[in-house]
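For reference, the structure is listed below as structure tokens.
For the numbers below, each heavy atom of this structure counts, side chains included, while hydrogens, waters and symmetry mates do not.
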Amino acid sequence: MNVTSRVGFRVMTRVTGEYRTEVAPAVNARYTMSWNPFQPGTADVEYTIENTGNTRVAVTPTVSVEGPFGTLSQAQTAAKIEELAPGEQRKGAVRLTGVWPTGPLSVRVTADAESVVDGDAGTGSSSVETTVPAWPWPQLIALGIAVLLIVLTVVDRRRRRRSLQEQLERAREEGRREAEKPAQ
């Protein structure tokens, strides 16, 4: 019987120079609407964070979604990346529910990085933004149906009122003719 055993250990080296705590996020997002006009949809955000600095960092990603002019904004902090070595990258995904379709949505991923080395290498932050179309088609269809029903109701009332006026006018005319007839 042969037993082979190996032991691995981390070797930490330090080159001379200043620490650079830098990260570069990338984002890809899509919006899924609900066909129920009274329910919001979901925004699925996938991101990649790369350590572009020269020191190990812990990264806290935050994903936010907002409508035009900053309306109906929502933010969620994603799972913290405990350690990211220089040149390394990690992927993550966040699903934001309760996002109303207000037209183009701005999706932003902010990566707050903090050095995990013994010396004080500082902090860094970087963000990236993309736009996702989220047109409110179900709400517009419901609004169109409501406007159509209102218009049809108004047209029907006018038609009935006109018909009633015509019937009254015929009845008056018939009454006048009967009044003018000589009695027999």
Side-chain angles (χ1 to χ4, degrees), residues 21-52 57-84 88-114 123-175:
T21 306
E22 298 172 359
V23 290
V27 64
N28 184 18
R30 75 175 181 278
Y31 179 78
T32 306
M33 73 177 160
S34 168
W35 281 102
N36 182 345
F38 304 108
Q39 284 188 332
T42 59
D44 294 309
V45 181
E46 297 171 345
Y47 60 87
T48 304
I49 297 176
E50 181 179 4
N51 184 349
T52 56
V57 292
V59 181
T60 305
T62 304
V63 177
S64 63
V65 176
E66 63 183 34
F69 311 110
T71 59
L72 302 172
S73 63
Q74 234 184 71
Q76 182 175 336
T77 301
K80 183 176 182 177
I81 301 170
E82 294 297 329
E83 188 173 318
L84 197 60
E88 186 180 6
Q89 57 180 295
R90 297 265 174 87
K91 295 181 183 224
V94 171
R95 173 172 273 191
L96 294 165
T97 58
V99 179
W100 287 98
T102 56
L105 297 175
S106 296
V107 178
R108 177 185 296 265
V109 174
T110 304
D112 296 321
E114 183 179 345
T123 61
S125 182
S126 182
S127 64
V128 64
E129 188 172 327
T130 188
T131 303
V132 177
W135 302 110
W137 295 119
Q139 289 80 6
L140 291 175
I141 291 170
L143 181 64
I145 290 172
V147 167
L148 181 64
L149 289 174
I150 290 171
V151 167
L152 288 176
T153 302
V154 168
V155 168
D156 186 53
R157 280 187 181 175
R158 287 183 181 169
R159 184 187 57 79
R160 286 179 187 228
R161 191 176 296 141
R162 204 174 316 121
S163 174
L164 181 62
Q165 291 295 333
E166 289 173 1
Q167 288 175 0
L168 286 173
E169 192 58 42
R170 274 185 271 154
R172 287 182 189 138
E173 190 63 38
E174 190 176 313

T32 vs D44, test: side chain to side chain contact (heavy atoms under 4.5 Å, CB included). Steps then yes/no.
CA-CA 8 Å; T32 306; D44 294 309; 4.0 Å; yes
Side chain to side chain contact (heavy atoms under 4.5 Å, CB included) involving R157 - partner list, sequence neighbours excluded:
T153
If you count every heavy atom of other residues, nucleotides or ligands that lies below 6.0 Å from Q89 atom CD, does the total exceed 12?
yes
Are E22 and S126 close enough that some pair of their side-chain heavy atoms sits under 4.5 Å apart?
no
Would you check if V99 and L105 make a side-chain contact, meaning some heavy-atom pair closer than 4.5 Å?
yes
Between W100 and Q139, is any pair of side-chain heavy atoms under 4.5 Å apart?
yes
Looking at side-chain heavy atoms only, is the closest gap between V27 and V45 below 4.5 Å?
yes
Calculate, to the nearest 0.5 Å, the distance between atoms CG and CZ belonging to D156 and R161 respectively.
11.0 Å
Going from CG on N51 to CD1 on I81, what distance comes out if it is rounded to the nearest 0.5 angstrom?
10.0 Å
Between side-chain atoms of residues 59-80 and protein atoms elsewhere (two or more places apart, or another chain), which donor-acceptor pairs fall under 3.5 Å?
from, atom 1, to, atom 2, distance (Å)
T71, OG1, P68, O, 2.9
Q74, NE2, T97, O, 3.2
Q74, NE2, G98, O, 3.0

Flag the pair T110 / S125 as yes when at least one side-chain heavy-atom distance between them is below 4.5 Å, and no otherwise.
yes
Are any of the side-chain heavy atoms of D112 and T123 separated by less than 4.5 Å?
no
Take Y47 and K91, measure what side chain to side chain contact (heavy atoms under 4.5 Å, CB included) needs, and give me the verdict at the end.
CA-CA 6 Å; Y47 60 87; K91 295 181 183 224; over 6 Å; no
Smallest separation among heavy atoms of P40 and S34, with atom names
O-CB, 3.7 Å
Test item: E83 side-chain N/O and A58 main-chain N/O as donor-acceptor pair under 3.5 Å
no
Please report the interatomic distance CD(E50) to CG(L84), rounded to the nearest 0.5 Å.
8.5 Å
Using the side chain to side chain contact (heavy atoms under 4.5 Å, CB included) rule, take E174 and R170 through it: C-alpha gap first, then chi angles, then the decisive distance, then the call.
CA-CA 6 Å; E174 190 176 313; R170 274 185 271 154; over 6 Å; no
Presence of salt bridge, R90 and E88, under 4.0 angstrom:
yes
Could you check W135 against L140 for side chain to side chain contact (heavy atoms under 4.5 Å, CB included), going step by step and ending with a plain yes or no?
CA-CA 9 Å; W135 302 110; L140 291 175; over 6 Å; no
